[in-house]
Amino acid sequence: MPRFSAAGSSGGDDKALTTADGQSQIIQVCVKSQDGNKVVYNIKRNAKLIKLMHAYCRKKQLDIHTVRFIYEGHRVPGKYTSDQLNLEDGAEICCMFHQSGGGVCSMPKITSAFI
């Protein structure tokens, strides 16, 4: 399997890392948590993003059902690839904890008996 080599390499592996239109098959994606920590992954353009999500959750010891991944203000569906979402090299995906609730809280009426 060819490795992602540094810029300036003239080895034959470069052909295996690019498509017919000269676009790289591997991109770097940064996953940023709410506390500001970042983890950088090298992923293939045609790999489903659920693999990235599972890898991040395993590394951070999180349950995948308790977090949401956000890119440019929209939730990232794991069934899509980076090509389908038009992720560019160096894209930053935010990992947020899922919060449910936030509805109206009912307070008891204050009557003269409480005053």
Spell out, yes or no, whether [X] and [Y] are grouped together once hydrophobic residues are joined by side-chain heavy atoms under 4.5 Å, including indirect joins.
{"X": "Ile50", "Y": "Tyr80", "value": "yes"}
{"X": "Ile70", "Y": "Val67", "value": "no"}
{"X": "Tyr71", "Y": "Leu62", "value": "yes"}

Could you give me the CA-CA distance, side-chain angles and deciding distance for Val29 and Asn42, then say whether side chain to side chain contact (heavy atoms under 4.5 Å, CB included) is met? CA-CA 6 Å; Val29 177; Asn42 291 328; over 6 Å; no
Measure across Gln84 and Lys79 and return the closest heavy-atom pair with its distance rounded to 0.1 Å.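 Between these two residues, the closest heavy atoms are OE1-O, 4.1 Å.
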Heavy-atom closest contact (Tyr56 atom, Ser33 atom, distance):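 Between these two residues, the closest heavy atoms are OH-CB, 3.2 Å.
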Do the side-chain N and O atoms of Thr81 and Asp83 include a donor-acceptor pair separated by under 3.5 angstrom?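 Absent: no donor and acceptor within the cut-off.
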Spacing of NZ belonging to Lys48 relative to OG belonging to Ser82, to within rounding of 0.5 Å: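 Lys48 NZ to Ser82 OG: 12.0 Å, rounded to 0.5 Å.
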Are Met53 and Ile64 side-chain neighbours, meaning at least one heavy-atom pair lies under 4.5 Å?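 Counting from C-beta outward, Met53 and Ile64 do come under 4.5 Å.
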Can you tell me which residue pairs pass the salt bridge (charged side-chain N to carboxylate O under 4.0 Å, His left out) test with a partner in residues 50-61, sequence neighbours excluded?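 Counting only pairs at least two positions apart or across chains, no salt bridge (charged side-chain N to carboxylate O under 4.0 Å, His left out) contact touches residues 50-61.
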With a cut-off of 3.5 Å and sequence neighbours excluded, list every side-chain donor-acceptor pair involving residues 85-97.
| from | atom 1 | to | atom 2 | distance (Å) |
| --- | --- | --- | --- | --- |
| Asp89 | OD1 | Gln28 | N | 2.7 |
| Glu92 | OE1 | Lys38 | NZ | 3.4 |

